[in-house]
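Chain letters run A, B, ... following the sequence lines, proteins first, then strands; residues in each count from 1.
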2 protein chains.
Amino acid sequence: MDGMPTAKRRPSSAKQRYQEAVATYVAAGGDESVQRVITAVNSLTRKLDQWYARQLVDLDLSPGEWAVVTELAKAEGQPVTPSRLADAGNVAASSMTHRLDKMTERGLVRRSPDPDNRTRVLVELTDEGWQLFVAAVREANVVESDVLAGLTKSQRSALADLLEVVIADLDALDT
Amino acid sequence: MDGMPTAKRRPSSAKQRYQEAVATYVAAGGDESVQRVITAVNSLTRKLDQWYARQLVDLDLSPGEWAVVTELAKAEGQPVTPSRLADAGNVAASSMTHRLDKMTERGLVRRSPDPDNRTRVLVELTDEGWQLFVAAVREANVVESDVLAGLTKSQRSALADLLEVVIADLDALDT
DNA sequence: TGCTAATATTTCGAAATCGAAGTCTGCCGA
DNA sequence: TCGGCAGACTTCGATTTCGAAATATTAGCA
């Protein structure tokens with residue numbers, strides 16, 4: 001370092017910021033092979049979230065509302081309970097009540113009592129909700145493709161394979 | 001499919017839910033090699049966020065406050081402006097003002113006017129803030145190591161390498 | 001059956017967040 | 001130098017979220 005004053009570095013690029021982050025975590029006691037992966041995943045997610053947010057304003061949807069739509073879409077038409085939606089969206093049950101109120105008003109989802117269990121409520125996507133989902137996925141896919149443009153097909157495949165190994169272990173850790 | 005009624009599947013495992021999610025996005029018009037990666041990253045992040053939230057309650061810290069602490073830690077003692085913190089945390093500048101008020105009260109950060117530019121404010125971590133950061137990283141690293149336990153050292157390295165390629169391209173897409 | 005504990009949702013008040021002004025300072029061209 | 005414009009932060013009112021309490025129903029058990 002010599003007597004040189006610490007350079008006023010401009011941490012402009014994402015890659016640079018990422019590397020500094022890893023170095024910081026490692027210096028604080030984190031394991032390097034762990035921090036490289038975790039930090040990279042977090043960086044990527046943050047950027048993706050920014051882009052999703054931009055696209056969602058076009059659809060006049062909040063990220064939370066989008067989470068509800070995707071969860072219902074994944075259920076393939078099978079109705080889902082509010083508590084499951086709250087869980088999937090990492091959000092308090094009471095917040096979900098409010099969200100569903102608004103989304104119902106707007107005609108994106110439909111609430112109905114569960115005939116088999118009167119403590120439960122079933123939520124499902126309306127036709128309008130489905131249309132919105134399909135349109136949004138198509139748009140998002142454009143951005144997401146750009147994000148992965150730097151990888152060849154086989155690299156994407158390798159990346160997905162590795163991530164899938166991690167995901168397969170995820171449940172076991174919840175205890 | 002045969003006339004068999006759709007099985008009432010219990011999408012219990014994370015891997016199963018992941019696969020259904022990918023299938024749903026592909027059916028809606030997404031590209032498969034893209035959706036495998038993006039969905040996996042999102043799944044992983046959601047789980048990580050859940051665990052972080054749990055650890056943070058022990059420290060009596062909100063996820064947002066933690067984001068401030070990490071950003072200041074990454075700056076290695078160099079003060080950072082509130083607007084940069086807001087940007088890094090994907091949050092409105094006005095929200096950051098409120099957060100910093102609280103964190104200052106609590107003694108985690110320190111605000112001071114920038115001597116070179118009186119429109120700016122400089123924020124830095126106090127000693128207490130640093131201690132909290134180091135302690136939290138050590139704890140988080142335990143969980144994160146568990147998450148990646150299913151990968152060998154070289155697999156982790158390969159995973160990190162691939163993610164770094166993606167990150168390197170991130171800035172170019174911001175236009 | 002009757003009683004208690006557990007579960008699912010909603011209601012309610014407090015706290016966090018947002019976006020739109022508002023205030024102050026620095027920058028730049030006339 | 002002056003005037004206006006742009007940038008940084010804060011203030012303010014409205015919206016969203018949270019956690020705890022309230023309500024209603026089911027499940028388990030004596």
_For atom CG of A/D101 and atom P of C/dT9, their distance in whole Å_ = 13 Å
*Regarding B/E144 and A/Q35, is there a side-chain donor-to-acceptor distance under 3.5 Å anywhere?*
yes
_Interface residues of residues 115-123 of chain A with DNA chain D (non-hydrogen, below 4.0 angstrom)_ = A/N117, A/R118, A/T119
*Does A/S157 reach the main-chain N or O of A/K153 with its side chain, forming a donor-acceptor pair under 3.5 Å?*
no
*Taking all atoms of both residues into account, what is the closest heavy-atom pair of A/S33 and B/R156, and its distance?*
OG-NH1, 3.1 Å
*What are the two closest heavy atoms between A/P82 and A/V121, and how far apart are they?*
CD-O, 3.2 Å
*Could you tell me whether B/R36 and A/E164 make a salt bridge, using a distance below 4.0 angstrom between a side-chain N and a carboxylate O?*
yes
_B/R99 side chain to B/G64 backbone, donor-acceptor under 3.5 Å_ = yes
*Between the side chain of B/R46 and the main-chain N/O of B/V41, is any donor-acceptor distance below 3.5 Å?*
no
Protein-nucleic acid N or O pairs under 3.5 Å, nucleotides 15-18 of chain C:
residue	atom	partner	partner atom	Å
C/dA16	OP1	B/K102	NZ	2.5
C/dA16	OP2	B/H98	NE2	3.2
C/dT17	OP1	B/R99	NH2	3.3
C/dC18	OP2	B/A92	N	2.8
C/dC18	OP2	B/S95	OG	2.6

_Minimum heavy-atom distance A/A28-B/V134, with the two atoms named_ = O-CG1, 3.7 Å
_Check ion pair B/D101-B/R111 (N to O, under 4.0 angstrom)_ = yes
*Which pair of non-hydrogen atoms, one from A/A93 and one from A/A86, has the smallest distance, and what is that distance?*
CA-CB, 3.9 Å
_Reading DNA chain D in the 5' to 3' direction, which nucleotide is the first one with an atom under 4.0 Å from a heavy atom of chain B, and which is the last?_
D/dG7 to D/dT11
*Describe the nucleic acid contact of B/S83 in one word from base, sugar-phosphate, nothing, applying a heavy-atom distance below 4.0 Å.*
sugar-phosphate
